[in-house]
Amino acid sequence: MKYIINLETNKKNESIEITNEVKDIISKSKILSGLCIIYSPHTTSGIDINESHDSHVMEDVNNFLLKLVPHNKEYKHLEGNSDAHIKSSIIGNSKTLIIEKGKLVLGTWQGIFFMEFDGPRTRNVYVKLLKG
Ligand code: ZN
């Protein structure tokens with residue numbers, strides 16, 4: 001089964017929580033046990049799992065990435081968004097989660113985040129569920 005979460009991002013750099021969207025997909029699927037693959041088919045974004053209880057955590061992650069990978073450096077890529085591509089490589093484009101008893105296995109404080117590094121843009125996140 002394949003599902004797509006459509007997102008409109010608003011800033012150059014931001015993290016958008018998609019935990020509830022993924023949970024809805026899993027409950028509609030009626031899969032009790034299996035894997036959930038979350039994949040972003042974009043070169044300037046990422047998928048992360050981290051604390052959702054305190055929104056400052058993802059803000060700190062984003063601010064750290066901004067310092068680690070500055071926008072204005074001598075990059076070769078002519079589009080002018082190499083910083084976004086590099087951040088995408090650091091965070092990665094997908095995560096695989098476990099489904100048990102019809103629910104995502106997530107820690108108490110964990111949430112799933114789409115990370116935008118070159119917004120605002122229209123983005124699609126693919127969610128693929130496998131029974132097993
Ligand atoms: Zn580019």
Side-chain angles (χ1 to χ4, degrees):
M1 278 177 260
K2 181 188 83 179
Y3 302 90
I4 297 173
I5 299 168
N6 304 112
L7 297 170
E8 298 286 337
T9 64
N10 300 304
K11 298 178 190 163
K12 177 157 173 41
N13 291 276
E14 68 177 321
S15 298
I16 298 173
E17 185 168 8
I18 56 171
T19 312
N20 288 337
E21 285 85 345
V22 177
K23 283 180 174 174
D24 282 351
I25 288 168
I26 290 167
S27 60
K28 278 177 194 152
S29 78
K30 311 245 189 286
I31 290 177
L32 295 177
S33 174
L35 294 176
C36 169
I37 299 159
I38 302 163
Y39 175 70
S40 169
H42 306 287
T43 58
T44 53
S45 71
I47 302 291
D48 197 16
I49 296 174
N50 213 313
E51 176 164 340
S52 61
H53 183 70
D54 179 359
S55 63
H56 288 133
V57 172
M58 288 310 290
E59 224 178 294
D60 285 343
V61 172
N62 266 318
N63 287 338
F64 181 80
L65 286 171
L66 285 172
K67 283 182 196 151
L68 186 68
V69 190
H71 179 63
N72 294 318
K73 271 224 160 190
E74 285 174 31
Y75 303 113
K76 289 187 175 176
H77 179 46
L78 294 175
E79 197 188 4
N81 63 352
S82 278
D83 58 321
H85 289 293
I86 293 165
K87 286 182 229 169
S88 179
S89 286
I90 291 170
I91 298 299
N93 286 319
S94 74
K95 289 280 185 277
T96 303
L97 289 101
I98 296 167
I99 303 166
E100 289 285 356
K101 296 177 183 168
K103 295 200 161 122
L104 268 184
V105 177
L106 276 175
T108 308
W109 311 111
Q110 284 183 319
I112 307 159
F113 295 88
F114 174 84
M115 296 185 76
E116 175 63 79
F117 301 126
D118 198 26
R121 286 176 189 261
T122 299
R123 302 296 202 174
N124 295 313
V125 176
Y126 285 69
V127 179
K128 184 93 178 173
L129 306 180
L130 303 170
K131 280 187 199 174

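These figures come from a predicted structure and were not determined experimentally. All heavy atoms count here, side chains included; hydrogens, waters and symmetry mates do not. First listed ligand is number 1; within each ligand, the first listed atom is number 1. Residue numbers start at 1 and run along the sequence shown.
Applying the 6.0 Å contact sphere to CG of Leu68 captures more than 12 heavy atoms from other residues, nucleotides or ligands. Heavy-atom contacts from other residues, nucleotides or ligands closer than 6.0 Å to NZ of Lys12 number more than 12.
The Zn ion (ligand 1) is closest to atom NE2 of His85 (considering only N, O or S atoms). Residue-level check: among N/O/S atoms of Glu79, OE1 sits closest to the Zn ion (ligand 1).
Considering Thr44, Asn62, Asn13 as possible partners of Lys87, the one that fulfils the side chain to side chain donor-acceptor pair (under 3.5 Å) test is Asn13.
Here Asn81 meets the criterion, with an N, O or S atom under 2.8 Å of the Zn ion (ligand 1).
Using modelled atom types, no side-chain atom of Thr43 and backbone atom of His85 make a donor-acceptor pair closer than 3.5 Å.
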